[in-house]
Amino acid sequence: MKRITSITQKFLIFVSFFLILAVAGSWLYINSIKILEKYTAATDVLSSIKSDIVALEYAFDIFIIAGDFEKGGTEAVKEKAKVIDREIEQLESLPVTAIFRDNPALAGEYKAFVNEWKLVKEKIMGMGGVISKEEGFLIHNDVDLKTFIITEKIGRLSSFIYD
């Protein structure tokens with residue numbers, strides 16, 4: 001005995017199939033937007049860190065050139081360093097940064113970025129013991145070079161996220 005499928009049943013199967021496809025497509029779209037928001041948050045923090053490092057460089061330039069280290073006025077530079085430290089902690093707390101640690105190609109960049117920043121912060125926090133302008137300029141040059149390297153590493157990490 002041959003079973004015959006009616007036109008109504010075929011139409012209902014057809015509509016059900018496309019309804020399932022529509023729901024699956026919507027679910028994938030919503031999940032991709034959530035992932036995009038995570039990447040956007042990481043890019044925003046990296047961009048903020050980069051701009052704050054540039055501001056730190058300028059403040060440190062003025063600090064050394066004006067001879068503020070002789071007066072002991074390191075608070076402004078130290079405060080900018082603390083702001084960058086908080087932003088790096090915020091970046092570490094984002095789930096997207098697990099990509100940096102898990103990807104072998106980026107793990108080195110990310111670790112180098114964090115380690116370079118720790119060295120810069122150490123130099124800045126130790127500025128209270130500077131006794132001569134020459135010593136101040138040596139520290140300034142070291143910090144300036146390291147901040148340049150940090151901004152380049154941030155640029156590479158940002159470009160990876162963008163890609």
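Throughout, numbering of the chain's residues begins at 1 and tracks the sequence.
- Residue E152 qualifies as enclosed at atom CD: its count of foreign heavy atoms under 6.0 Å is above 12.
- Across T147, I124, I150, I53, a single residue satisfies side chain to side chain contact (heavy atoms under 4.5 Å, CB included) together with I84, and that is I53.
- Side-chain atoms of L145 and N141, non-hydrogen and from C-beta on, never get closer than 4.5 Å to each other.
- In this structure, the separation between CZ on F17 and CG on L12 is 15.0 Å, given to the nearest 0.5 Å.
- Using cut-offs of 30° and 60° on the angle between ring planes, the pair F137 and H140 is perpendicular.
- Taking every heavy atom of both residues into account, E92 and V114 meet most closely at OE2-CG2, 3.9 Å.
- The structure places CD of E79 at 6.0 Å from NZ of K82, a figure rounded to the nearest 0.5 Å.
- In this structure, E87 CD and D52 CG are separated by 4.0 Å, a value rounded to the nearest 0.5 Å.
- Cluster membership for L91 and V83, using ILVMFWY side-chain heavy atoms within less than 4.5 angstrom, is not shared.
- Q90 contributes atom CD, which lies 9.5 Å from atom CG of D44 (distance to the nearest 0.5 angstrom).
- Once rounded to the nearest 0.5 Å, the distance linking NZ of K121 with CG of D85 reads 3.5 Å.
- Around atom CG of L19, more than 12 heavy atoms belonging to other residues, nucleotides or ligands sit under 6.0 Å away.
- Distance check, rounded to the nearest 0.5 Å: CD1 of I154 to CD of E109 gives 11.0 Å.
- Hydrophobic cluster membership is shared by V143 and I88, with clusters built from Ile, Leu, Val, Met, Phe, Trp and Tyr side chains linked at under 4.5 angstrom.
- Heavy-atom contacts from other residues, nucleotides or ligands closer than 6.0 Å to NZ of K153 number more than 12.
- Across all their heavy atoms, S48 and S51 have their closest contact at O-OG, 3.0 Å.
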Pair T151-F113, side chain to side chain contact (heavy atoms under 4.5 Å, CB included): steps then yes or no: CA-CA 9 Å; T151 54; F113 152 63; over 6 Å; no
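- Counting all heavy atoms, side chain and backbone alike, M125 lies closest to A81 at CE-CB, 4.1 Å.
- A distance-only check finds no donor-acceptor pair linking the side chain of D142 to the backbone of L138 [under 3.5 Å].
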